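I have placed the structure first, in the form of structure tokens, so that the comments after it can refer back to it.
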Amino acid sequence: SPDAGSEVPDGRVFASPSIRREARQAGVDIGEIEGSGPGGWITAADIQQAASSGEQASPAVPD
Amino acid sequence: MVVGDVATGTDVLVIGAGPGGYVAAIRAGQLDQDVTLVEKEAYGGVCLNHGCIPSKALITATGVAHEAGHAEEMGIHADPEIDVGEMQEWKDGVVDQLTRGVEKLCKANQVNLVEGRAEFVGEHEARVVHSGEGQGAETVEFEHAIVATGSRPIEIPGFSYADEPVLDSKQALAMDGAPDSLVIVGAGYIGMELAGVFAKLGTDVTVVEMLDSVLPGYEADLARPVKKHAESLGVDFHFGQSATGWEESDDGIIVHTDAAGDDDEGLSLDTEKVLVAVGRQPVTDTVDLPAAGVETDDRGFVPTDDRARTNKDHIFAVGDVAGEPMLAHKGSKEGQVAAEVIAGEPAALDYQAIPSAVFTEPEIGTVGMTVAEAEDAGFEPMVGEFPFRASGRALTTGETDGFVRLVADAEDGFVLGGQVVGPEASELIAEIGLAVEMAATVEDVASTIHTHPTLSESVMEAAENALGHAIHTLNR
Amino acid sequence: MVVGDVATGTDVLVIGAGPGGYVAAIRAGQLDQDVTLVEKEAYGGVCLNHGCIPSKALITATGVAHEAGHAEEMGIHADPEIDVGEMQEWKDGVVDQLTRGVEKLCKANQVNLVEGRAEFVGEHEARVVHSGEGQGAETVEFEHAIVATGSRPIEIPGFSYADEPVLDSKQALAMDGAPDSLVIVGAGYIGMELAGVFAKLGTDVTVVEMLDSVLPGYEADLARPVKKHAESLGVDFHFGQSATGWEESDDGIIVHTDAAGDDDEGLSLDTEKVLVAVGRQPVTDTVDLPAAGVETDDRGFVPTDDRARTNKDHIFAVGDVAGEPMLAHKGSKEGQVAAEVIAGEPAALDYQAIPSAVFTEPEIGTVGMTVAEAEDAGFEPMVGEFPFRASGRALTTGETDGFVRLVADAEDGFVLGGQVVGPEASELIAEIGLAVEMAATVEDVASTIHTHPTLSESVMEAAENALGHAIHTLNR
Ligand SMILES: Cc1cc2nc3c(=O)[nH]c(=O)nc-3n(C[C@H](O)[C@H](O)[C@H](O)COP(=O)(O)OP(=O)(O)OC[C@H]3O[C@@H](n4cnc5c(N)ncnc54)[C@H](O)[C@@H]3O)c2cc1C
Ligand SMILES: Cc1cc2nc3c(=O)[nH]c(=O)nc-3n(C[C@H](O)[C@H](O)[C@H](O)COP(=O)(O)OP(=O)(O)OC[C@H]3O[C@@H](n4cnc5c(N)ncnc54)[C@H](O)[C@@H]3O)c2cc1C
């Protein structure tokens, strides 16, 4: 599957479930993103920006 | 899939129809997979047939009778009689309705249902042995498999469930009369839930626990009200005692225990029956995992990754067989994710928290981090609490034991978890669970208008207490 | 503030100690304001003394007795007797505990409590007339005032609450015996809640409603199960009938009604008592608003802005006197905001939704937009539903009437509202309320693991149904 590379971070993630799914879909490692919302809360725009700036997660190959 | 002697094929083979397996199968069907679900005993697995559902049915029914029988304070005078046989019939009807529902939902979602035991014979091949006489067996080739074979109660030396006075939880839930006396070995959630049921049926209940408290694994201040209430029902507790065996006596049996502490003595407890509820272990001996090359860990669980995959990429494991916490809703989530991953969706086990509930009186509900867990995870925790005795709604129901606690990150206010002991604790944690998943802050929870008078206001007040300005309790 | 003849001063004068006023006073105290709370009758206002709390206490107690008396199906045989006098004593104890709590909390938050009636005599001046004999009066100068004088039941022509057979809700809640028969005028939430209480106490209840359904203002599919259940308790309904008056008869009274439709006939209903519950109106005649220059609208409410300010910048109005919805938690929120605005905080009435609950059997809970409201607001709504008859938890309690409905924006999935009718509906809307405030999507709610077996799983399933992939119900 295309998304298989983006990993689920171990620690607490401050983003909603749908944003986390969007990150995976975009192949972005959400654990690496500094959110722009209050307290670092991650928004859809943060994911889009990370995806377009090529801030990719771990290699897109299944483990 | 056609049932017969010839080899048949399926995209997704799901083994076991508990809340892990049947949910996986339904979701796979919804995602247009060709899916086959094999179950050797009963649709719905342990949960619907011998676990969650029958236990909650008996807890509720005995609770209704007990509550009405003890409401003189409210001006209610009643002396309810419980006909255990009728109660069991009612409970069986509930179970029936739900298991038939599972079957119908599977069919409506194009799941091929097969009755029998499935056993791997290769990496992409399983044999299904049908249960009925002369039903034969067949070979199934699969692209993907989901192992959802569940768990069974652990047996301890000296107590065989085959012996008539020794019960596991399944047998206890099926009894059509209440024993005069019952020793329960194990004060975990299953033991404590059943202690309440039998105590309310009039059974003389004694609980023997190896460790030093009820509900080990839950924080002491959550467990305390549960123990206190059980004692008020007449339940006796012996901690630091391990049950070693039993023998017949003139009018029942005697259960023997060994003391953990050197200075303490073992016990000899007279009783009619003994229920052993010391934990559950994964079921893998029915399915021949080695034949498919699937590995297990030293406790017998099947290790999986964040996509519910085993060491074999095309074979998944979900539910109790895949490890702790052994809870129905954890299994269902894993089942959904396994099916979605197989269908190529960007799904993962990326939840922040798995809630859990204990249906004792009072109930316990927890989700996410405790204070200690938050500290371990590197947070500086901020805590808010609200006692139910300050809740208008709790007072109007007469159930005021317990409290709501919220744990948040002091820096940004994000809700990290919550612990509730008290009325409807199992329901109240739903909102806290959503707060954890959404990364809501305590301010978010505090600012959300909650209906008056409800128990859920207590969640809001706990959030306000964390912020130092609760209205209905003094702020620390 | 010192009580005496001389003029005294205070930063914040709060008039009325209901859930609007006492919450405002406590929050003002927490924000280090010098605050004086004046109450002429009883701390806690209508809500604690004659509304929310006593009604919920009687609903719960009669519910406990009724449930146990009607659980043969579960194998429970009981014939509970209710001693209404004892029940009232218990209820009064609950009320006492809460009102004493309010007093204690006010003191702990440095609120000056004054017993008496406050009346404006100028823009920055009020007179407090003490209730006791020879208590005199005093003048209070204030920087800011918060009017929280609440509401009282509307009286209709032909029915005076001063007459012995005619009851308002306050009198009905205080009765120390159940009448043989009772006509209830008005099928709003107060009428329907009390219809259940009295029907369960054995009273022959007849409800007369001007409009054509119970609980007008709630959607028809929410109201229907409530009417059906009331009918199963023996409650008779007459719709399209307005009560016009009553007269004594040989063994009670006769209540007369006029039909709304031209073709229908009015009724003459024999009964022991008549309860009028046709709505509530703001209380402003106790406080002389014109003296302070504060305006009211044509229904007598005090219009306020999004900071809870009246037309006078330094005078605020909160709670029932400030308009619909007349609900305790709306008043408390307004009270908090008023206090915070006075203290210079960036607070505002910026909530997205005010939940509401009806404590009938089954309960109703709603929060945010209905489908029709979402359409009116320009959304293309997306709907998800889950019936309680498919909920394992509901089945184990025997309460399977009703459903959960989520309303979301089809474009982005944001949860806009929810409607619940069924067991614990009042609690289940808490999670939906948080979803609305957080702008959570249905995917967020669906992805949040909910404990099995709970009623709150139904909220998750409704979200999954909106997405077209609920597990435990067929998807539309
Ligand atoms: C008394 C009791 C109360 C409980 N209460 C709760 C509760 O309130 N909440 C909660 O979350 N959890 C509760 N649990 C735990 C819950 O029942 C389990 O977590 C849940 O059933 C696990 O689901 P599962 O799908 O993994 O496996 P199971 O439900 O164990 O189902 C596995 C199924 O696989 C079948 N199977 C096994 N091997 C094969 C094979 N080779 N071929 C075909 N079929 C096979 C079995 O027959 C069984 O039907 C309770 C458990 C007990 C015992
Ligand atoms: C039977 C019944 C059931 C209800 N159930 C619910 C429910 O379940 N949930 C819910 O949210 N709402 C419920 N309500 C509505 C709820 O009671 C009101 O919304 C709430 O009480 C309004 O609060 P308040 O502070 O605005 O005013 P009130 O509670 O009406 O309090 C106003 C106070 O001001 C005092 N006062 C008035 N004038 C003066 C003056 N000049 N000087 C000094 N004191 C003065 C009065 O004595 C009174 O104590 C119910 C109401 C009734 C009647």
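Chain letters run A, B, ... following the sequence lines, proteins first, then strands; residues in each count from 1. All values reported here derive from a predicted model rather than from experimental measurement. No hydrogens, no waters, no symmetry mates; every other heavy atom, side chains included, goes into these values.
With a 4.5 angstrom heavy-atom cutoff, Asp79(C) touches chain B only via backbone atoms. Only the backbone of Thr473(C) has a heavy atom closer than 4.5 Å to any heavy atom of chain B. Contact annotation for Ala353(C): only backbone heavy atoms (N, CA, C, O) come within less than 4.5 Å of a heavy atom of chain B. When heavy atoms are compared at a cutoff of 4.5 Å, Gln30(C) approaches chain B solely by way of its side chain, counted from C-beta outward. When heavy atoms are compared at a cutoff of 4.5 Å, Gln97(B) approaches chain C solely by way of its side chain, counted from C-beta outward. Heavy-atom distances place no part of Ile432(B) under 4.5 Å from chain C, backbone and side chain included. Within the 4.5 angstrom heavy-atom criterion, atoms from both the backbone and the side chain of Glu431(C) approach chain B. Of the two parts of Ala24(B), neither the backbone nor the side chain holds a non-hydrogen atom closer than 4.5 Å to a non-hydrogen atom of chain C. Neither the backbone nor the side chain of Leu58(C) comes within less than 4.5 Å of any heavy atom in chain B. Neither the backbone nor the side chain of Ala394(C) has a heavy atom closer than 4.5 Å to any heavy atom of chain B. If you measure heavy-atom distances from Glu424(C) to chain B, the contacts under 4.5 Å come from the side chain alone. Heavy atoms closer than 4.5 Å to chain B are found in the backbone of Ser356(C), but not in its side chain. Using a 4.5 Å cut-off between heavy atoms, Lys56(B) touches chain C through backbone and side chain atoms alike. Heavy-atom distances place the side chain of Leu428(C), and not its backbone, under 4.5 Å from chain B. Heavy-atom distances place no part of Asp350(C) under 4.5 Å from chain B, backbone and side chain included. Neither the backbone nor the side chain of Leu327(C) comes within less than 4.5 Å of any heavy atom in chain B. Heavy-atom distances place no part of Glu457(C) under 4.5 Å from chain B, backbone and side chain included. Glu363(C) touches chain B through its side chain: at least one heavy atom from C-beta onward sits under 4.5 Å away, while N, CA, C and O do not.
The candidate with the highest count of non-hydrogen atom pairs below 4.5 Å against chain C, out of Gln352(B), Met74(B), Glu73(B), Glu72(B), is Met74(B). Among Leu98(B), Ile59(B), Leu455(B), Asn475(B), the residue making the largest number of heavy-atom pairs under 4.5 Å with chain C is Leu455(B). Counting heavy-atom pairs under 4.5 Å between each of Ala440(B), Gly433(B), Gly365(B), Gly63(B) and chain C puts Ala440(B) at the top. For the set Glu67(B), Glu89(B), Arg393(B), the count of heavy-atom pairs under 4.5 angstrom toward chain C peaks at Arg393(B). Put simply, of Thr451(C), Val459(C), Thr454(C), Val95(C), the one with the most heavy-atom pairs under 4.5 Å next to chain B is Thr451(C). Comparing Leu48(C), Val102(C), Asp83(C) by how many heavy-atom pairs each has under 4.5 Å with chain B, the most go to Asp83(C). Ranked by non-hydrogen atom pairs under 4.5 Å with chain C, the options Ala57(B), Ala435(B), Ala71(B) are led by Ala57(B). Of the residues considered (Ala78(C), Gly69(C), Pro453(C)), Pro453(C) shows the highest number of contacts with chain B, using heavy-atom pairs under 4.5 Å. Of the listed residues (Gly93(B), Pro355(B), Ala357(B)), the one with the most heavy-atom contacts under 4.5 Å to chain C is Pro355(B).
No side-chain heavy atom of Tyr351(B) sits less than 4.5 Å from a side-chain heavy atom of Ser447(C). A heavy-atom distance below 4.5 Å is not found between the side chains of Leu105(B) and Ile471(C). Put simply, the side chain of Val415(B) reaches to within 4.5 Å of the side chain of Val442(B), judged on heavy atoms. Two residues are said to be in side-chain contact when any heavy atoms from C-beta on lie closer than 4.5 Å; Leu349(B) and Lys333(B) meet this criterion. Side-chain contact between Glu340(B) and Leu31(B) is present, with at least one heavy-atom pair separated by less than 4.5 Å. Contact annotation: the side chain of Ile53(C) approaches that of His452(B) to within less than 4.5 Å [non-hydrogen atoms, C-beta and beyond]. Between Lys330(C) and Ile449(B), every side-chain heavy-atom pair lies at or beyond the 4.5 Å cut-off. Counting heavy atoms from C-beta outward, Arg389(B) and Leu395(B) have side chains that stay 4.5 Å or more apart.
The backbone N or O of Glu437(C) lies less than 3.5 Å from no partner atom in the side chain of Thr448(B), so there is not a single donor-acceptor pair. Without hydrogens or angle criteria, Glu334(B) side chain to Gly319(B) main chain gives a donor-acceptor distance under 3.5 Å. Using modelled atom types, no side-chain atom of His66(B) and backbone atom of Thr62(B) make a donor-acceptor pair closer than 3.5 Å.
Minimum interatomic distance between Val367(B) and Ile429(B) (heavy atoms only, all atoms of both residues): CG1-O, 4.0 Å. Pro54(B) approaches Lys91(B) most closely through the heavy-atom pair CB-CD, 3.6 Å.
Within the model, atoms CE of Met438(B) and CG of Asp444(B) stand 9.0 Å from one another, a figure rounded to the nearest 0.5 Å.
Aromatic pair Tyr22(C)/His472(B): centroids less than 6.0 angstrom apart.
Residues Glu86(C) and His77(B) bring a donor and an acceptor atom of their side chains to less than 3.5 Å of each other.
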